[in-house]
**Student:** 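Here it is: the structure, laid out below.
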2 protein chains.
Amino acid sequence: MAVNKYSRQREAIKEYLAHTKEHPTADTVYMNIRATYPNISLGTVYRNLNLLAEQGEIIKLNCQDGSDRFDGNVKPHYHFLCNNCGRVHDIEMESIDHINKIAGAGFDGKIEGHVTFFYGVCPDCMRNE
Amino acid sequence: MAVNKYSRQREAIKEYLAHTKEHPTADTVYMNIRATYPNISLGTVYRNLNLLAEQGEIIKLNCQDGSDRFDGNVKPHYHFLCNNCGRVHDIEMESIDHINKIAGAGFDGKIEGHVTFFYGVCPDCMRNE
DNA sequence: ACATATATAATAACAATTACTATTATTCAT
DNA sequence: ATGAATAATAGTAATTGTTATTATATATGT
């Protein structure tokens, strides 16, 4: 696979991810794209999601609940998993890259970065209680 | 399943995890336990790993490479995933719970905790380069 | 418009995990 | 110790999430 050729399906996936904050799974993406492309194949969805993630156009989240989810927002930000409804929210916050140094203090290897998930109760679920 | 009954298999799994720092996958646990219990079933391994994790006797790590790994060390500590060899190491370090506050500043929900994975090059791989 | 290469849909294959079931082991009361 | 009650097991089948295959369709450069 040398150079990308345009495809409506891939474009639709990118477009869909750019306009949702839902952090959908591959299957959810599939369901939603089918509204416009009724016979898109699930394989196509998987292939394009992975392709886009490799190229840095989207982010593949290895969620703490075990599922893989996708995020069209590639600006650095953190994620929050609601223990109640299971949804993933974005968190805009100042950098916490200093924790790499803290970790490095007790470790002989080279720490290049970290992945952090916060969890708790999301705003929506707090209201409904 | 009302109350736990003793089983040698479960005990062996707990014992094995208590004495390794390998952060094995379910399949690796299976392989190792078979040395002593040649016809333990893979289902038994999965069932007990999840049971023990639910009861807080071991920890189930949802690793960044997508795999689930298990850790017999339940004392609070962090984990490091080597990008080179793929192994997971423990990191003993001071608490970074203050990042929960930082995250909370930009978020309306309730932040109860976080899960962090560090990544980079482990000590072993640094030597062999 | 044509040649070449990539992408697709549909399906099959695959790996990781869970569910099922008949049998075995543990527990507890006698 | 014996036996009844129940949880755990081994072995297998089923399910799920994901990737590979292949013939056809689509996009790109000349």
Side-chain angles (χ1 to χ4, degrees), chain A residues 1-17 22-55 57-71 81 86-88, chain B residues 1-17 22-55 57-71 81 86-88:
Chain A
M1 208 180 302
V3 80
N4 274 13
K5 281 188 181 170
Y6 171 89
S7 96
R8 292 174 288 176
Q9 291 89 337
R10 178 158 55 236
E11 215 52 36
I13 291 170
K14 215 159 71 178
E15 187 67 6
Y16 167 63
L17 283 177
E22 291 299 314
H23 305 84
T25 62
D27 202 64
T28 305
V29 173
Y30 175 56
M31 308 278 238
N32 279 276
I33 301 296
R34 278 211 292 188
T36 13
Y37 295 95
N39 46 3
I40 191 173
S41 153
L42 183 54
T44 297
V45 172
Y46 271 102
R47 183 165 27 75
N48 281 308
L49 285 173
N50 286 327
L51 185 65
L52 290 169
E54 269 172 35
Q55 301 184 340
E57 306 217 47
I58 64 173
I59 290 171
K60 182 175 187 170
L61 299 174
N62 195 255
C63 235
Q64 276 312 299
D65 59 8
S67 65
D68 280 344
R69 290 151 180 268
F70 296 87
D71 191 342
L81 176 64
R87 279 185 298 177
V88 173
Chain B
M1 207 181 299
V3 80
N4 274 13
K5 281 186 181 172
Y6 171 90
S7 98
R8 292 174 287 176
Q9 291 89 336
R10 179 158 55 235
E11 215 52 35
I13 291 170
K14 215 159 71 177
E15 187 67 6
Y16 166 64
L17 283 177
E22 291 298 315
H23 304 85
T25 62
D27 202 63
T28 305
V29 173
Y30 175 57
M31 309 278 237
N32 279 277
I33 301 295
R34 276 211 293 188
T36 13
Y37 295 95
N39 45 3
I40 191 173
S41 154
L42 183 54
T44 297
V45 173
Y46 272 103
R47 184 165 26 75
N48 281 309
L49 285 173
N50 286 326
L51 185 64
L52 290 169
E54 269 172 35
Q55 301 185 340
E57 305 216 49
I58 64 173
I59 290 171
K60 183 176 188 169
L61 298 174
N62 195 255
C63 236
Q64 276 311 300
D65 58 7
S67 65
D68 280 345
R69 290 151 179 268
F70 296 88
D71 191 342
L81 177 63
R87 278 187 299 178
V88 173

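In what follows, chains carry the letters A, B, and so on, assigned in the order in which the sequence lines appear, proteins first and then strands, with residues in each chain numbered from 1.
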**Student:** Any side-chain heavy-atom pair from B/T28 and B/E22 closer than 4.5 angstrom?
**Tutor:**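 No; the side chains remain at least 4.5 Å from each other.
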**Student:** Taking OP1 and OP2 of D/dA10, is either one under 4.0 Å from a side-chain nitrogen or oxygen of B/Q9?
**Tutor:**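 It does, given that an N or O in the side chain of B/Q9 lies less than 4.0 Å from OP1 or OP2 of D/dA10.
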**Student:** Using a cut-off of strictly less than 4.0 Å, decide whether B/R47 has a side-chain nitrogen or oxygen near OP1 or OP2 of D/dA8.
**Tutor:**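 No, outside the criterion.
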**Student:** Atom NZ of B/K14 and atom P of D/dA8: how far apart are they, to the nearest Å?
**Tutor:**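 B/K14 atom NZ is separated from D/dA8 atom P by 13 Å.
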**Student:** Could you tell me the separation between the OH atom of B/Y6 and the C1' atom of C/dT24, rounded to a whole number of Å?
**Tutor:**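 Nearest whole value for this atom pair: 15 Å.
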**Student:** With a 4.0 Å limit, can you tell me whether B/N50 has a side-chain N or O closer than that to the phosphate oxygens OP1/OP2 of C/dT18?
**Tutor:**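 Answer is yes, contact under 4.0 Å.
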**Student:** Does a donor on one side chain and an acceptor on the other come within less than 3.5 Å for A/T25 and A/D27?
**Tutor:**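 No, no side-chain donor-acceptor contact under 3.5 Å.
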**Student:** Looking at DNA chain D, which of residues 25-46 of chain B put a heavy atom within less than 4.0 Å of it?
**Tutor:**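 Within residues 25-46 of chain B, the residues near DNA chain D are B/N39, B/I40, B/S41, B/T44.
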**Student:** From CD of A/Q55 over to P of C/dA7, roughly how many Å is that when rounded to an integer?
**Tutor:**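 A/Q55 atom CD is separated from C/dA7 atom P by 9 Å.
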**Student:** Starting at CG of B/L51 and ending at C1' of C/dT17, how long is that distance when rounded to a whole Å?
**Tutor:**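 Atom CG in B/L51 sits about 16 Å away from atom C1' in C/dT17.
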**Student:** Is there side-chain contact between A/Q55 and A/L51, with heavy atoms separated by less than 4.5 Å?
**Tutor:**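 Side chain of A/Q55 against side chain of A/L51, heavy atoms only: contact under 4.5 Å found.
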**Student:** Can you tell if the side chain of B/C63 reaches within under 4.5 Å of the side chain of A/N62, non-hydrogen atoms only?
**Tutor:**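 No. Closest side-chain heavy atoms not under 4.5 Å.
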**Student:** Do you know which two heavy atoms are closest between B/I33 and B/Y16, and how far apart they sit?
**Tutor:**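 In terms of heavy atoms, the two residues are closest at CD1-CB, 3.8 Å.
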**Student:** Within the 4.5 Å heavy-atom criterion, are A/R10 and A/N4 side-chain neighbours or not?
**Tutor:**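 Side chain of A/R10 against side chain of A/N4, heavy atoms only: contact under 4.5 Å found.
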**Student:** Find the distance A/R10:CZ to D/dA27:P and express it as a whole number of Å.
**Tutor:**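 In whole Å, D/dA27 P and A/R10 CZ are 11 Å from each other.
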**Student:** If only side-chain N and O atoms of A/N48 are considered, is one of them under 4.0 Å from the OP1 or OP2 phosphate oxygen of C/dT8?
**Tutor:**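 The answer is yes; a side-chain N or O of A/N48 sits under 4.0 Å from OP1 or OP2.
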**Student:** Which nucleotide in the list D/dT28, D/dA8, D/dT6 gets nearest to the side chain of B/K5?
**Tutor:**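 So the side chain of B/K5 is nearest to D/dT6.
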**Student:** Find the distance A/R8:CZ to D/dA25:P and express it as a whole number of Å.
**Tutor:**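 Those two atoms, CZ and P, are 13 Å apart.
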**Student:** Let me know which of A/L49, A/N48, A/I13 forms a side chain to side chain contact (heavy atoms under 4.5 Å, CB included) with A/I58.
**Tutor:**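 Exactly one pass, corresponding to A/L49.
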**Student:** Consider the side chain of B/D68, meaning its heavy atoms from C-beta on, and name the nucleotide among C/dT8, C/dT17, C/dA5 that approaches it most closely.
**Tutor:**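 Ranking C/dT8, C/dT17, C/dA5 by closest atom to the B/D68 side chain puts C/dT17 first.
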